[in-house]
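Below is one structure, written out as structure tokens, with a few remarks after it.
Since the structure is predicted, the reported quantities are computational estimates derived from the model, not experimental observations. By convention in this document, chain letters (A, B, ...) are assigned in the order of the sequence lines, proteins followed by strands, and residues within each chain are numbered from 1.
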Amino acid sequence: MLTLYTPDGSVLGHTDCFDPALTLDCGQAFRWTVNEDGCWRGIAFGRKLGIKVTDGGFVLFSESKDDFEKVWKRYFDFDRDYASLCKRFSEDDYLKSAIAMYSGIRVLRQEPWETLCSFIISQNNNIPRIKGIISRLCEGFGESLGGGDYAFPSAEDLARLDERELSPLRCGFRAKYIIDAAQKTASDEVRLDELEIMPIEEARAELMKIKGVGPKVAECTLLYGCGRAEAFPVDVWMKRVLDELYPKGLPACFDGYQGIAQQYLFHWRRNFPKS
DNA sequence: AACCAGGCGCATA
DNA sequence: TATGCGCATGGT
């Protein structure tokens with residue numbers, strides 16, 4: 001069990017199965033960076049956080065004392081019992097070996113709008129460039145948080161823009177998709193705040209009302225932005241995993257948590273590209 | 001210089 | 001329902 005500390009040594013809580021490097025740099029979030037001291041820094045829900053790995057746990061540098069309870073506990077899904085989830089997953093030998101290497105991955109519960117927008121940007125794109133575009137999006141249109149930091153811009157703010165005003169992002173054909181997503185979200189034509197509780201098929205259909213949102217972006221939004229652990233994004237890497245390891249379908253121990261299982265397998269397959 | 005990147009819309013059959 | 005192609009941009 002790992003302990004979460006404040007900078008002055010108070011105990012915030014406990015967790016297991018948490019490695020910031022694996023969790024924050026495994027392609028589910030795009031706004032975290034690590035400095036030369038190994039300290040992670042990021043912004044979510046308009047709040048800043050630093051994370052330093054120490055013996056037996058982590059120090060969380062938050063902006064205020066109650067940020068942990070209000071924001072970060074949920075963001076990192078610290079209430080979920082990953083140890084027993086992993087035990088259950090270990091019924092499957094492939095998943096077991098992926099978890100053996102990457103047990104520090106947690107699936108985040110990010111903001112739905114930020115997640116949706118980020119994965120629209122991710123399509124037919126690579127991670128360094130995705131990060132760059134999102135960084136320019138926040139700097140250009142997000143609220144300043146001081147110290148050169150910016151919140152992720154709201155759907156309402158982006159909905160007022162014309163597609164051409166996004167040209168500084170250099171996000172190419174995705175600009176019109178971002179605007180469409182912003183408008184449909186801001187007008188509540190797409191009800192992002194209900195995706196967490198909607199029947200999953202309905203939630204998928206709701207998201208795919210947006211231009212530029214297909215099955216992959218919808219699944220990523222549900223998994224990383226709505227806490228839907230049963231959402232199962234399939235990209236080229238996961239397609240390979242499915243073809244090579246699970247041609248007859250997923251084993252029963254995945255049920256209900258396919259998305260979390262997917263994250264281990266995705267990371268594992270991507271780090272060892274056999275072909 | 002082609003080819004690729006955590007896809008999707010659109011046309012075609 | 002199922003393929004195949006083009007798409008903006010930038011890095012190998």
Next on the checklist: As a test of your reading of the structure, name each stem of DNA chain C as range with range, where a stem is three or more consecutive Watson-Crick or G-U pairs at under 3.5 Å.
Outcome noted: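 Stem segments, range with range: B:2-5 with C:9-12, B:7-13 with C:1-7.
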Ignoring hydrogens and angles, tell me if any N or O in the side chain of [X] forms a donor-acceptor pair with the backbone of [Y] under 3.5 Å.
| X | Y | answer |
| --- | --- | --- |
| A/Ser135 | A/Lys131 | no |
| A/Glu206 | A/Arg191 | yes |
| A/Glu143 | A/Ala151 | no |

Using atom [atom1] of each nucleotide, how far apart are [N] and [M] to the nearest Å?
| N | M | atom1 | result |
| --- | --- | --- | --- |
| B/dG6 | C/dT3 | P | 24 Å |
| B/dA2 | C/dG6 | P | 15 Å |
| B/dG9 | C/dG10 | C1' | 23 Å |

Taking [atom1] from [X] and [atom2] from [N], how many angstroms apart are they, rounded to a whole number?
| X | N | atom1 | atom2 | result |
| --- | --- | --- | --- | --- |
| A/Ile178 | C/dA8 | CD1 | P | 13 Å |
| A/Ile130 | C/dG11 | CD1 | P | 14 Å |
| A/Lys131 | B/dG6 | NZ | P | 11 Å |
| A/Trp237 | B/dG6 | CH2 | C1' | 10 Å |
| A/Ile120 | C/dA8 | CD1 | P | 16 Å |
| A/Ile133 | C/dG11 | CD1 | C1' | 13 Å |
| A/His267 | B/dG6 | NE2 | C1' | 13 Å |
| A/Phe30 | B/dG6 | CZ | P | 9 Å |

Check: [X] ring centre within less than 6.0 Å of [Y] ring centre:
| X | Y | value |
| --- | --- | --- |
| A/Tyr82 | A/Tyr257 | no |
| A/Phe18 | A/Phe58 | yes |
| A/Tyr94 | A/Tyr246 | yes |

Checklist entry - Hey, does the side-chain of A/Glu219 have a donor or acceptor N/O within less than 3.5 Å of a partner on the base of B/dG6? => result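 When only heavy-atom distances are counted, A/Glu219 does not reach the base of B/dG6 through any donor-acceptor pair under 3.5 Å.
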Checklist entry - Under the 3.5 Å rule, do the base of B/dA5 and the side chain of A/Arg129 count as making a donor-acceptor pair? => result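 In this structure, the two groups form no donor-acceptor pair.
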Mind checking if [X] touches a base, just sugar-phosphate, or nothing, with heavy atoms under 4.0 Å?
| X | answer |
| --- | --- |
| A/Gln262 | base |
| A/Tyr224 | base |
| A/Arg174 | base |
| A/Arg170 | sugar-phosphate |
| A/Phe266 | base |
| A/Lys239 | nothing |

Checklist entry - Relative to the ring of A/Tyr177, is the ring of A/Phe173 parallel (under 30°), tilted (30 to 60°) or perpendicular (over 60°)? => result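 Taking A/Tyr177 first and then A/Phe173, their aromatic rings stand perpendicular (interplane angle over 60°).
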Checklist entry - Among all residues two or more places apart in sequence or in another chain, which pass the ring pair (Phe, Tyr, Trp, His ring centres under 6.0 Å) test with A/Phe232? => result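 Testing A/Phe232 for ring pair (Phe, Tyr, Trp, His ring centres under 6.0 Å), a comparison that skips the adjacent residues, returns none.
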Checklist outcome for this item: Its contact letters, B for base, S for sugar-phosphate only and - for none at protein heavy atoms under 4.0 Å, make nucleotides 7-13 of chain B read BSS----
Next on the checklist: Please find the pair of heavy atoms, one from A/Tyr75 and one from A/Ala29, that lie closest to each other, and give the distance.
Outcome noted: OH-CB, 4.3 Å
Next on the checklist: Looking at every heavy atom in both A/Arg136 and A/Leu169, which two are closest together, and how far apart are they?
Outcome noted: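 Result for this residue pair: NH2-O, 2.9 Å.
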